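Heads up, the thing below is written out as structure tokens.
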Amino acid sequence: MADPIVSVARRLEGAFAAVAGGPCDPVVRPSDRADAQANGALALAKTLGLPPRDVAQKALDAAGDLSDMVESTEIAGPGFVNVVFSTSFIASELSVAMGDARLGVRAADDAHTIVVDYSAPNVAKEMHVGHLRSTVIGDALVRALQYVGNTVIRENHIGDWGTPFGMLIEHLIDLGEENAAHELGVGDLDGFYKEARRKFEADDAFKGRARNRVVMLQSGDADTLRLWQTLVNESTRYFNKVYTQLDVLLTDDDLMGESAYNPLLAEVVERLRTKGLLEESDGAEVVFPEGFTNRDNEPLPLIIRKGDGGYNYATSDLACVIDRVERLGAQSMLYVVGAPQAQHLQMVESVARMAGWLPEKYVMNHVSFGSVLGSDKKILKSRAGDTVKLATLLDEAVERAASAVAEKNPDMSESDRAHIAQMIGIGAVKYSDLCTDRVKDYVFDWDRMLSFEGNTAPYLQYAHARICSIFRRAGIERSSIRGGQPLLNDPRERALALRILRFDSAVWEMIDTLSPHKLCTYLFDLATDFTSFYEHCSVLKAESDSIRDSRLTLCDSTARTMEQGLALLGIRAPEQM
Ligand code: ARG
């Protein structure tokens with residue numbers, strides 16, 4: 001096991017349980033005064049009615065000999081147990097972790113099939129910054145969940161069905177298919193959508209055509225379906241451009257839009273009817289999930305089938321649950337969707353459970369997130385007040401990164417610079433999205449995200465690149481110094497080694513809370529610990545060859561952990577910048 005704090009917690013768990021006469025959490029945390037601190041005696045003392053320091057002592061007695069991992073334990077204050085690891089334990093654990101393909105990160109002991117529903121932009125509509133957040137957060141979660149051994153299925157639930165397609169198809173016909181395809185393919189999705197909507201509102205004849213077209217679409221008219229497919233293809237072509245630029249895992253194979261569930265919708269209605277859950281309300285067929293009320297405290301319905309016979313967004317989401325559980329065998333579903341859809345998803349979950357489609361232990365988790373704000377603290381908008389075009393935003397990130405690199409490293413070749421600017425610019429955008437608690441809003445700030453100082457992607461990437469350059473300058477192959485145990489005589493060496501070993505817990509905290517910012521905070525701490533090590537401990541000019549090699553091992557271990565950590569966030573680590 002890699003994180004020593006987890007190892008010692010496991011040991012103490014047994015000891016505390018012996019004292020408690022049943023399961024008892026030793027509450028082991030990192031500590032400023034020692035390496036770790038066990039606080040469990042305080043709560044246990046209350047239940048046992050004994051002084052906390054006595055309870056702590058009993059637990060230590062029960063733990064027996066910890067000398068294989070611990071140098072000293074001390075009962076402090078009201079009854080904390082301070083733990084200092086033995087340096088040789090840290091050194092040997094580090095060499096084990098660095099010999100492991102997952103750098104010591106524990107594998108999931110309940111590996112299972114997880115669907116991650118993320119990105120999900122809407123056809124013929126610009127992706128907005130909410131879709132950017134969903135894409136970036138979802139992608140990081142996919143990578144981390146896969147890393148620890150789960151089977152992860154990516155699903156991009158694009159909005160590719162519904163009444164707006166009547167007006168969109170008619171607008172496509174008016175423009176001529178080729179012109180329309182061009183407009184969409186270059187990403188002028190918003191212009192296209194707005195013009196269709198304008199005509200729909202201003203022109204009754206157009207409105208009539210649009211309504212008629214919806215009926216043809218729903219009845220499967222071949223030519224209408226072909227036109228619809230053009231809209232979908234051209235839009236996904238644009239989405240793919242953004243995905244490529246954003247360097248995320250999504251491909252066409254992951255597309256699983258609303259339309260994909262059409263064949264299941266009638267069955268959803270039938271199954272709900274058989275279960276006796278379907279009710280009639282204002283001409284529509286609905287289900288009333290328990291516990292949902294409107295402002296007037298009346299029960300809130302989830303509309304399954306509208307009065308005109310059309311199905312709803314909720315209906316396809318119910319079909320989606322059936323498909324994920326029954327066809328894909330998923331036990332867990334993560335919906336990386338903005339906060340405004342919280343109630344929708346809760347109602348869908350509630351109805352799916354009532355219908356028995358979601359067994360008790362299966363989880364449907366809303367991975368909610370806040371908004372991206374402009375410097376005025378309002379939802380980020382373009383200067384003209386429109387939705388920000390993501391492709392343009394990402395281009396700007398790369399351009400800005402290119403000038404930052406040119407300033408820092410004027411001798412770099414143009415092609416190297418272009419390549420590295422891509423990694424830094426995109427990394428900066430992603431990292432600034434991931435590094436704050438996702439449920440909070442954050443302010444989109446070019447200068448801050450591209451700064452080489454502070455909790456930013458460029459700072460972390462720079463720490464990594466700097467290590468690569470140490471090896472480059474010395475002409476030493478990184479793999480050549482691997483395998484040995486580091487000497488950890490300087491406190492900075494020891495602190496860095498312990499930090500590297502905590503990568504395990506950082507990844508798990510991200511997974512357990514579905515919060516990428518936990519890993520970001522860790523990587524920032526890692527870079528900070530590395531900086532202080534590097535300032536105090538000469539590497540290439542070390543006192544002896546063995547110290548030099550040991551420090552090189554620490555450098556290499558830091559770089560590997562940083563690179564892997566950034567990779568789990570979907571961020572590249574260039575070797576020079
Ligand atoms: N297309 C939707 C939107 O842009 C998001 C879909 C989220 N996924 C889902 N299964 N409902 O708001």
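Note that the structure is predicted; figures quoted are calculated from it, not measured.
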query = Which side-chain hydrogen bond (donor to acceptor under 3.5 Å, both in side chains) pairs, counting each pair once, include a residue from residues 561-571, with sequence neighbours left out?
reply = none

request  = Quick one: which residue pairs count as a ring-ring contact (aromatic ring centres under 6.0 Å, His included) with a foot in residues 249-268, not counting sequence neighbours?
outcome  = H157-Y261

request  = Please list, chain by chain and in numerical order, all residues satisfying side chain to side chain donor-acceptor pair (under 3.5 Å) with Y243, sequence neighbours excluded.
outcome  = S119, N156

task = Give every residue pair that meets the side-chain hydrogen bond (donor to acceptor under 3.5 Å, both in side chains) criterion with at least one member in residues 327-339, sequence neighbours excluded.
result = D323-R327, R324-Y335

inquiry  = I'd like to check the salt bridge (Lys or Arg N to Asp or Glu O under 4.0 Å) partners of E201; sequence neighbours left out, ordered by chain and number.
reply    = R197

ask   = Residues two or more places apart in sequence or in another chain: which of them pass salt bridge (Lys or Arg N to Asp or Glu O under 4.0 Å) with R417?
value = none

request  = Can you tell me which residue pairs pass the ring-ring contact (aromatic ring centres under 6.0 Å, His included) test with a partner in residues 205-224, sequence neighbours excluded?
outcome  = none

message = Applying side-chain hydrogen bond (donor to acceptor under 3.5 Å, both in side chains) as the test, list every pair that has at least one member in residues 279-289; sequence neighbours left out.
response = R273-E285

inquiry  = Test of understanding: with side chain to side chain donor-acceptor pair (under 3.5 Å), list the residues that count as partners of R237, not counting sequence neighbours.
reply    = E234

task = With sequence neighbours left out, write down each residue that passes side chain to side chain donor-acceptor pair (under 3.5 Å) with D221, or none if nothing qualifies.
result = T224

message = Applying side chain to side chain contact (heavy atoms under 4.5 Å, CB included) to L227 and I173, what does each step give before you reach the verdict?
response = CA-CA 8 Å; L227 296 166; I173 293 170; 3.7 Å; yes

ask   = With sequence neighbours excluded, what pairs up with E575 under the side chain to side chain donor-acceptor pair (under 3.5 Å) test?
value = none

key: Sequence neighbours excluded - ring-ring contact (aromatic ring centres under 6.0 Å, His included) pairs with any residue from residues 310-332   = Y313-H344

